[in-house]
**Student:** 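Let me begin by handing over the structure; questions about it come next.
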There are 2 protein chains.
Amino acid sequence: MQSRPRIPEATVARLAVYLRVLTGLADSGRGTVSSGELASAAGVNPAGLRKDLSHLGPCGVRGVGYDVATLRDRIAAVLGMETAHACVLVGIGNLGSALAGYGGFGNRGFEFVGLFDASPARVGQRIGDLPVRPMEELDEVVAATRATIGVIATPAEVAQRVCDRLTRAGVRSILNFAPVALTAPAGVGVRQVDLSVELQVLAFLDKQRGALPGTALGTGLAPAGGMA
Amino acid sequence: MQSRPRIPEATVARLAVYLRVLTGLADSGRGTVSSGELASAAGVNPAGLRKDLSHLGPCGVRGVGYDVATLRDRIAAVLGMETAHACVLVGIGNLGSALAGYGGFGNRGFEFVGLFDASPARVGQRIGDLPVRPMEELDEVVAATRATIGVIATPAEVAQRVCDRLTRAGVRSILNFAPVALTAPAGVGVRQVDLSVELQVLAFLDKQRGALPGTALGTGLAPAGGMA
DNA sequence: GCCTGTGAACAGTTTCACAGCG
DNA sequence: CGCTGTGAAACTGTTCACAGGC
């Protein structure tokens with residue numbers, strides 16, 4: 001199992017979670033972990049975790065477990081974290097400001113190199129150490145920083161136009177928080193995150209679980225651990 | 001196909017997307033849609049859309065399509081949107097403020113009835129028309145409002161403690177934005193949203209696509225449409 | 001004996017092709 | 001004739017059980 005046969009996307013998402021847990025363990029000086037312990041910290045099943053790791057080739061020691069630092073580096077390499085990724089963010093409203101200020105990105109190999117907004121009222125504000133720029137400077141900044149990732153946090157109505165501008169500027173991967181399906185040219189990857197869909201799924205499961213107010217707990221079969 | 005045999009979770013997530021599109025169509029006075037048109041607006045395959053809708057029983061007219069308003073109401077009913085859901089939000093940092101101020105929730109049958117933060121500096125601030133309250137008032141507010149949904153937007157270190165408090169207060173469904181796996185008692189549903197994992201998956205796909213800078217477009221097989 | 005790595009069964013999801021009704 | 005509704009097929013992802021090294 002070399003890196004040739006493509007790694008399943010579901011596995012990639014979990015590798016990112018394992019990486020986070022491993023980084024924490026390494027920072028607290030831990031030398032090795034077993035699949036069981038790592039799985040429970042990541043909220044997954046141990047066998048599934050081992051299967052996920054099998055996609056990177058053998059990297060544990062039988063009877064012992066995995067070397068924390070080695071595994072951390074191996075996953076980081078596979079995920080492409082050895083070099084930092086430059087990102088531009090368009091739409092500096094409530095959500096955009098939160099994303100720009102969110103430490104979780106910087107810590108993990110992502111760096112915002114440009115914040116953009118169409119509203120003159122927001123242009124010029126600073127978030128962290130970056131100024132909010134007008135849309136006109138987008139192409140210039142993307143070219144200068146070689147940013148490959150664009151994040152859209154605008155209202156739905158303008159998201160497709162922003163997507164078009166990003167792809168024309170040379171961005172090749174887009175994370176879209178606006179609640180619309182975007183179309184982009186082949187060769188550009190789009191990933192959609194819809195916060196209200198998450199809430200709605202949650203509400204559905206809630207409804208399904210507790211159909212009857214009088215009945216205390218439904219079937220009692222509800223899953224407890226969460227997952228990316 | 002009554003509502004007995006459980007609707008697949010993947011389908012539920014897409015139903016929420018269809019609902020959004022249908023609401024837009026209805027607002028612009030549209031009477032009927034075909035599966036093809038609705039599917040393209042939602043970013044999915046037409047046959048898959050019809051299969052999704054088949055879980056609600058027949059609700060279209062052959063040779064014509066779906067009645068926009070009827071289908072909208074049918075999906076809303078299935079997702080449990082006929083009654084508004086009361087939510088509490090814990091952790092009013094950057095992300096929490098964005099969530100509290102995000103119109104996308106209120107429009108879709110969710111209402112924040114309480115905002116909580118442990119920091120005295122934040123308590124007393126207002127976001128929209130709600131004050132930020134101290135954690136001590138959590139049980140009281142959950143009980144008074146019968147909130148069933150809790151949203152966690154705290155730092156990772158305290159998320160599990162907040163989860164425990166929410167479940168003890170009576171919340172039965174939790175949406176967690178903190179980057180840790182939570183454990184909750186059976187009967188409580190937890191859903192995890194990890195923004196940096198999304199970015200990492202995107203970066204991985206980016207890397208895979210454009211492995212060689214000299215080679216223009218890799219295989220040219222990259223997917224274009226995004227999905228929830 | 002413990003824990004990894006993996007083939008094989010299983011479950012869930014997507015795609016396809018077409019039957020059936022308006 | 002168009003478009004919905006659906007079984008059957010293909011695929012992907014998950015779970016299980018155990019073989020194999022330390």
Side-chain angles (χ1 to χ4, degrees), chain A residues 1-3 5-18 22 30-68 70-71 74-75 201 205 208 221 223 225-228, chain B residues 1-3 5-18 22 30-68 70-71 74-75 78 201 205 221 223 225-228:
Chain A
M1 301 287 166
Q2 301 272 17
S3 44
R6 207 157 59 265
I7 299 179
E9 193 169 312
T11 293
V12 172
R14 284 185 301 253
L15 286 176
V17 176
Y18 307 154
L22 287 164
R30 187 62 175 285
T32 60
V33 243
S34 69
S35 64
E37 194 181 355
L38 188 50
S40 111
V44 303
N45 165 316
L49 179 137
R50 292 199 299 275
K51 174 137 267 173
D52 285 338
L53 295 185
S54 77
H55 290 283
L56 334 171
C59 46
V61 181
R62 299 183 190 224
V64 179
Y66 301 90
D67 181 78
V68 171
T70 307
L71 185 56
R74 183 97 192 77
I75 294 178
V201 172
L205 298 173
Q208 215 174 37
L221 289 173
M227 216 326 305
Chain B
M1 300 287 164
Q2 303 270 19
S3 44
R6 204 157 63 266
I7 301 180
E9 193 170 314
T11 293
V12 172
R14 283 184 303 250
L15 286 177
V17 176
Y18 307 155
L22 287 164
R30 187 62 175 285
T32 59
V33 242
S34 68
S35 64
E37 194 180 355
L38 187 51
S40 110
V44 303
N45 164 317
L49 180 137
R50 292 199 300 274
K51 173 136 265 170
D52 285 338
L53 295 185
S54 77
H55 291 282
L56 334 171
C59 47
V61 182
R62 300 182 191 225
V64 179
Y66 302 91
D67 181 78
V68 171
T70 307
L71 185 56
R74 184 95 192 78
I75 293 177
V78 169
V201 173
L205 298 174
L221 289 173
M227 211 333 296

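Every chain is numbered from 1, with letters handed out A, B, ... down the list of sequences. When reading the values below, keep in mind they use all heavy atoms of this one structure, side chains included, and skip hydrogens, waters and symmetry mates.
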**Student:** What is the distance from CG of B:Leu71 to C1' of D:dG5, rounded to the nearest Å?
**Tutor:** 14 Å
**Student:** Can you tell me which nucleotide in C:dG22, D:dT4, C:dT4 comes closest to the side chain of B:Tyr66?
**Tutor:** D:dT4
**Student:** Show every salt bridge (Lys or Arg N to Asp or Glu O under 4.0 Å) that has at least one partner inside residues 32-47 of chain B, sequence neighbours left out.
**Tutor:** B:Arg30-B:Glu37
**Student:** Taking atom CG of B:Leu53 and atom CZ of B:Arg74, what is their separation to the nearest 0.5 Å?
**Tutor:** 10.5 Å
**Student:** Pick the nucleotide of DNA chain D nearest each of A:Val64 and B:Val64; which residue has the one closer to the 5' end?
**Tutor:** B:Val64
**Student:** According to side chain to side chain contact (heavy atoms under 4.5 Å, CB included), who are the partners of B:Ala41, at least two apart in sequence or on a separate chain?
**Tutor:** B:Val21
**Student:** Can you tell me if A:Ser35 touches the phosphate of C:dT4, counting only side-chain N or O atoms and a distance under 4.0 Å to OP1 or OP2?
**Tutor:** yes
**Student:** Quick check for you: to the nearest 0.5 Å, what is the distance between B:Leu49 atom CG and B:Tyr18 atom OH?
**Tutor:** 4.0 Å
**Student:** List, with names and distances, any nitrogen or oxygen atoms from the protein found under 3.5 Å away from nitrogen or oxygen atoms belonging to nucleotides 18-20 of chain D.
**Tutor:**
unit_1 : atom_1 : unit_2  : atom_2 : d
D:dG20 : N3     : A:Arg62 : NH1    : 3.2

**Student:** Atom CG of A:Leu15 and atom CG of A:Leu71: how far apart are they, to the nearest 0.5 Å?
**Tutor:** 9.0 Å
**Student:** Could you give the CD1-to-P distance, from B:Ile7 to C:dG12, as a whole number of Å?
**Tutor:** 15 Å
**Student:** Filter on salt bridge (Lys or Arg N to Asp or Glu O under 4.0 Å), then keep only pairs touching residues 39-57 of chain B, sequence neighbours left out; what's left?
**Tutor:** B:Arg14-B:Asp52
**Student:** Quantify the bending of the helix from C:dG1-D:dC22 to C:dG22-D:dC1 as the angle between its end axes, each fitted on five pairs, to 10°.
**Tutor:** 0°
**Student:** What integer distance in Å separates B:His55:NE2 from C:dG12:C1'?
**Tutor:** 11 Å
**Student:** Closest approach of A:Gln208 and B:Ile7, non-hydrogen atoms and distance?
**Tutor:** NE2-N, 4.3 Å
**Student:** Atom CG of B:Leu38 and atom P of D:dC3: how far apart are they, to the nearest Å?
**Tutor:** 14 Å
**Student:** What is the separation between atom CG on A:Leu56 and atom C1' on C:dT6, rounded to the nearest whole Å?
**Tutor:** 15 Å
**Student:** Rounded to the nearest 0.5 Å, what separates atom OH in A:Tyr66 from atom CG in A:Leu22?
**Tutor:** 10.5 Å
**Student:** Going by the rule side chain to side chain donor-acceptor pair (under 3.5 Å), which residues pair with A:Thr70 if we only count those two or more places apart in sequence or in a different chain?
**Tutor:** A:Asp67
**Student:** When the distance from CG of A:Leu53 to P of C:dG5 is rounded to whole Å, what number comes out?
**Tutor:** 7 Å
**Student:** Indicate for each nucleotide in nucleotides 10-16 of chain D, in 5' to 3' sequence, whether protein heavy atoms under 4.0 Å reach the base (B), only the sugar-phosphate (S), or nothing (-).
**Tutor:** ---SSBB
